[in-house]
Engineer: 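What follows is a structure written as structure tokens; I'll ask about it next.
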2 protein chains.
Amino acid sequence: MNRPPARTLPLSPTFSPLYRQIKELILASLESGEWGPGDAIPSESDLAQRFGVSQGTVRKAIDEMAADNLLVRRQGKGTFVATHNDPHSFFRFLRLAANEGVLPTSRSVPLECTRARAGTDVARILGMAVGTPIVILRRVLYFADKPVVFDEVYLPAELFPDFSLDFLNANDESLYSLFESRYGVRMIRADERLRAVSADRVSAAALDVAEGSPLLLVERVAFTYGDKPVEWRRGFYSTANHHYHNELS
Amino acid sequence: MNRPPARTLPLSPTFSPLYRQIKELILASLESGEWGPGDAIPSESDLAQRFGVSQGTVRKAIDEMAADNLLVRRQGKGTFVATHNDPHSFFRFLRLAANEGVLPTSRSVPLECTRARAGTDVARILGMAVGTPIVILRRVLYFADKPVVFDEVYLPAELFPDFSLDFLNANDESLYSLFESRYGVRMIRADERLRAVSADRVSAAALDVAEGSPLLLVERVAFTYGDKPVEWRRGFYSTANHHYHNELS
DNA sequence: CTATTGACATCTTATATAAGACATATCATT
DNA sequence: AATGATATGTCTTATATAAGATGTCAATAG
């Protein structure tokens, strides 16, 4: 039988199996932009040759990255870089569902887009110095012409130049799709914290509910490659006819 | 090289790859109780011989089941049936986190345990006829001696005989751990729907908050093998110092 | 002549099997 | 307490077949 080539196994505290090292290499290529969102990456055997490992090892690395939603396999066609432009993963991060029936098509209405400087909260969450320029976007998501989600989005201004209301109105893609295609910032993971709060004047007005009525507050920190936080979002969900859906396993 | 044995591939609309068929067979053995929670299942090669396939095919089946949290691999020891008794997966379905610091140890205080008959809601959700006997449990979860979660749990009485307050007080395991060890009912998946609601008199009293204050309502349907629903739970979370944590990817 | 069809080659990923090297836990022996 | 045998899962490689997607090209029908 074919003996595998001799390999120096560090066995040290920093040991990681070969397929994971390959995963890191592929990840680096993704991060560097060698293959853009929606592109096909080279075939498994090409990558195997390039990295000097067997096709099965590359396969295992890609398997994990497909499970992480970083890559998408399509039998007979190839393996593709995941993209928020793909209608399939358009609402990958939106866990909203209608209490009955299916979620109707949504409409995003930007309210205002302002420039500011990071306070302590935003600075801590986005890993930046207090006073760093940020962009604040407020918008409402409508479903069947009813306001359901009022979002406040905080972004580092450095990464999103020219971000404006006009720009948003000219594009009807999803926000993350826009981030990806216009600014080259791909969201790959997010952390959410959910609480119940009373509607303040602003969110009550935006969502057309009584001040003080209960709202679901969804605070999200979204990360790009390297676990770098690049968005903080506070979403107020009106949960009279909708709910946040989560599957546990 | 070794040719695989000739195999009748149905290619029909109901085709499923061999490793998935093996998965179903292992699942059937789990469901039948051949290997109980916490037990080690036979080695991959044993299973391969038993099912007449190669070890690698068994491995792929087990890989998926480990990803589904049905099995747990332990290098050098074996593969084990997942259990809610394992401290590791004790709070597998509880997504509660403290706003700052780590979640302190919890204390579960049962309030009442009553018998009733299923109304239309419970009957629909648990897939039973209206009027089927059910058990209703109400309890409060305390963290650092503060009430945080008020739970109403609806169970089919048939599956949970002898369920009573005394019985609960005599056991300080988690509820699912109890279900598993005492009634042989293993929860393997759950669906949750989250909403913000106003505290009614009962939940306000249980959680020591003002009536009308906002609470996070977490409605959960938990399933056992074969996607059979066996628990409906309405949890009211006081989210002043805690939150529901969810990771998206 | 043009458009459609069908056969075919050639990509790709998906599935299946086998085997060697190795890490880790258990247990009996020294 | 240390040693060594054994069993097991893990990691890697190799090979072969199946099947989906797609383009080429010739035959065919209109």
Side-chain angles (χ1 to χ4, degrees), chain A residues 1-26 35 38-67 70-82, chain B residues 1-26 35 38-67 70-82:
Chain A
M1 192 58 192
N2 310 282
R3 295 190 64 263
R7 221 169 260 294
T8 48
L9 290 178
L11 287 194
S12 43
T14 56
F15 167 76
S16 104
L18 190 50
Y19 76 91
R20 238 171 237 283
Q21 298 176 34
I22 301 302
K23 186 178 172 182
E24 289 306 316
L25 291 176
I26 298 177
W35 313 304
D39 288 356
I41 69 171
S43 75
E44 293 182 354
S45 15
D46 280 1
L47 290 174
Q49 204 160 15
R50 165 164 164 180
F51 297 130
V53 299
S54 85
Q55 175 257 353
T57 303
V58 171
R59 158 168 290 262
K60 183 143 185 176
I62 293 181
D63 276 346
E64 281 205 359
M65 299 181 73
L70 292 171
L71 298 175
V72 179
R73 313 192 88 126
R74 270 179 246 161
Q75 184 170 7
K77 298 197 69 177
T79 301
F80 299 80
V81 181
Chain B
M1 196 54 195
N2 311 282
R3 293 191 64 262
R7 221 167 260 296
T8 48
L9 288 178
L11 286 195
S12 42
T14 57
F15 166 75
S16 102
L18 190 49
Y19 77 90
R20 236 171 239 281
Q21 298 176 33
I22 301 302
K23 185 178 172 181
E24 290 305 317
L25 292 176
I26 299 176
W35 313 303
D39 288 357
I41 69 170
S43 74
E44 293 184 353
S45 14
D46 281 2
L47 290 174
Q49 204 161 15
R50 165 166 166 179
F51 297 129
V53 298
S54 86
Q55 174 258 353
T57 303
V58 173
R59 154 168 294 264
K60 183 142 185 175
I62 293 182
D63 275 346
E64 280 204 1
M65 298 180 73
L70 292 172
L71 298 175
V72 179
R73 313 191 90 126
R74 268 178 248 161
Q75 185 167 4
K77 299 194 70 176
T79 301
F80 299 79
V81 181

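The analysis underlying the following values was restricted to heavy atoms, covering all of them including side chains, and did not include hydrogens, waters or symmetry mates. Residue numbering restarts at 1 for every chain, and letters A, B, ... go by the order of the sequence lines.
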Engineer: Between D:dT15, D:dT10, D:dT22, spot the one nearest the side chain of A:Gln55, thanks.
Structural biologist: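 The answer is D:dT15, which lies nearest to the side chain.
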
Engineer: Just verifying a value: how many Å separate A:Ile22 CD1 and A:Leu47 CG, rounded to the nearest 0.5 Å?
Structural biologist: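 One gets 9.0 Å once the value is rounded to the nearest 0.5 Å.
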
Engineer: Please classify the nucleic acid contact of A:Ser45 as base, sugar-phosphate, or nothing, using heavy-atom distances under 4.0 Å.
Structural biologist: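 Answer is nothing: A:Ser45 stays at 4.0 Å or more from every strand.
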
Engineer: Using whole Å, report how far CG of B:Leu18 lies from C1' of D:dA16.
Structural biologist: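 Between C1' of D:dA16 and CG of B:Leu18: 15 Å.
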
Engineer: Give the rounded distance in Å between these two atoms: CZ of B:Phe80 and P of C:dA25.
Structural biologist: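 Distance check: B:Phe80 CZ to C:dA25 P gives 11 Å.
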
Engineer: Working to the nearest 0.5 angstrom, can you tell me the gap between B:Glu44 CD and B:Ile62 CD1?
Structural biologist: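 Spacing of CD (B:Glu44) from CD1 (B:Ile62) equals 4.5 Å.
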
Engineer: How long is the line joining CD1 of B:Ile62 and P of D:dG9, in whole Å?
Structural biologist: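 Interatomic distance, CD1 of B:Ile62 to P of D:dG9: 7 Å.
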
Engineer: Would B:Arg74 and B:Phe80 count as a cation-pi pair here, with the cationic atom under 6.0 angstrom from the ring centre and within 45° of the axis?
Structural biologist: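 Flagged: B:Arg74 positioned over aromatic ring of B:Phe80.
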
Engineer: Just the rounded figure in Å: distance from P of C:dT13 to CE of A:Met65.
Structural biologist: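 Rounded to the whole Å, the gap is 14 Å.
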
Engineer: Checking contacts here: which listed nucleotide (D:dT13, C:dT15, D:dG9) is nearest the side-chain heavy atoms of B:Arg73?
Structural biologist: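 Nearest to the side-chain atoms of B:Arg73, counting from C-beta on, is D:dG9.
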
Engineer: In whole Å, what is the span from the CZ atom of B:Arg20 to the P atom of C:dT15?
Structural biologist: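 The distance from CZ of B:Arg20 to P of C:dT15 comes to 8 Å, rounded to the nearest Å.
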
Engineer: What integer distance in Å separates B:Glu44:CD from D:dT10:C1'?
Structural biologist: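 Atom-to-atom, B:Glu44 to D:dT10, this comes out as 9 Å.
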
Engineer: Which one, D:dT13, D:dC11, D:dG9, comes nearest to the side chain of A:Tyr19?
Structural biologist: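 Nearest to the side-chain atoms of A:Tyr19, counting from C-beta on, is D:dC11.
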
Engineer: Looking only at side-chain atoms of B:Ser43, point me to the closest of C:dA16, C:dT12, D:dG9.
Structural biologist: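 So the nucleotide nearest the side chain must be D:dG9.
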
Engineer: From C-beta outward on A:Thr57, which listed nucleotide comes closest to its side chain: D:dT13, C:dT12, C:dT15?
Structural biologist: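 Side chain of A:Thr57 sits closest to D:dT13.
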
Engineer: Using a cut-off of 4.0 Å on non-hydrogen atoms, how would the nucleic acid contact of A:Arg59 be classed: base, sugar-phosphate, or nothing?
Structural biologist: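 Answer is base: heavy atoms of A:Arg59 come under 4.0 Å of a base.
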
Engineer: Using whole Å, report how far NZ of B:Lys60 lies from C1' of D:dC11.
Structural biologist: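 Checked: the NZ to C1' distance equals 16 Å.
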
Engineer: Over how many whole Å does the gap from B:Leu47 atom CG to D:dA7 atom C1' extend?
Structural biologist: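 Those two atoms, CG and C1', are 15 Å apart.
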
Engineer: Which nucleotide in the set C:dT13, C:dT15, D:dC11 lies at the smallest distance from any side-chain heavy atom of A:Gln75?
Structural biologist: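 Minimum distance to the A:Gln75 side chain belongs to C:dT13.
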
Engineer: So, taking the atom named OG in B:Ser45 and the one named CZ in B:Arg50, what distance separates them when rounded to the nearest 0.5 Å?
Structural biologist: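 If we round to the nearest 0.5 Å, B:Ser45:OG and B:Arg50:CZ are 13.5 Å apart.
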
Engineer: Of the listed nucleotides (D:dA21, C:dT13, D:dT13), which one gets closest to any side-chain atom of A:Lys77?
Structural biologist: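 Nucleotide nearest to A:Lys77's side chain: D:dA21.
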
Engineer: Please step through side-chain contact (heavy atoms from CB on, under 4.5 Å) for the pair A:Asp63 and A:Arg59, ending with a clear verdict.
Structural biologist: CA-CA 6 Å; A:Asp63 276 346; A:Arg59 158 168 290 262; 3.8 Å; yes

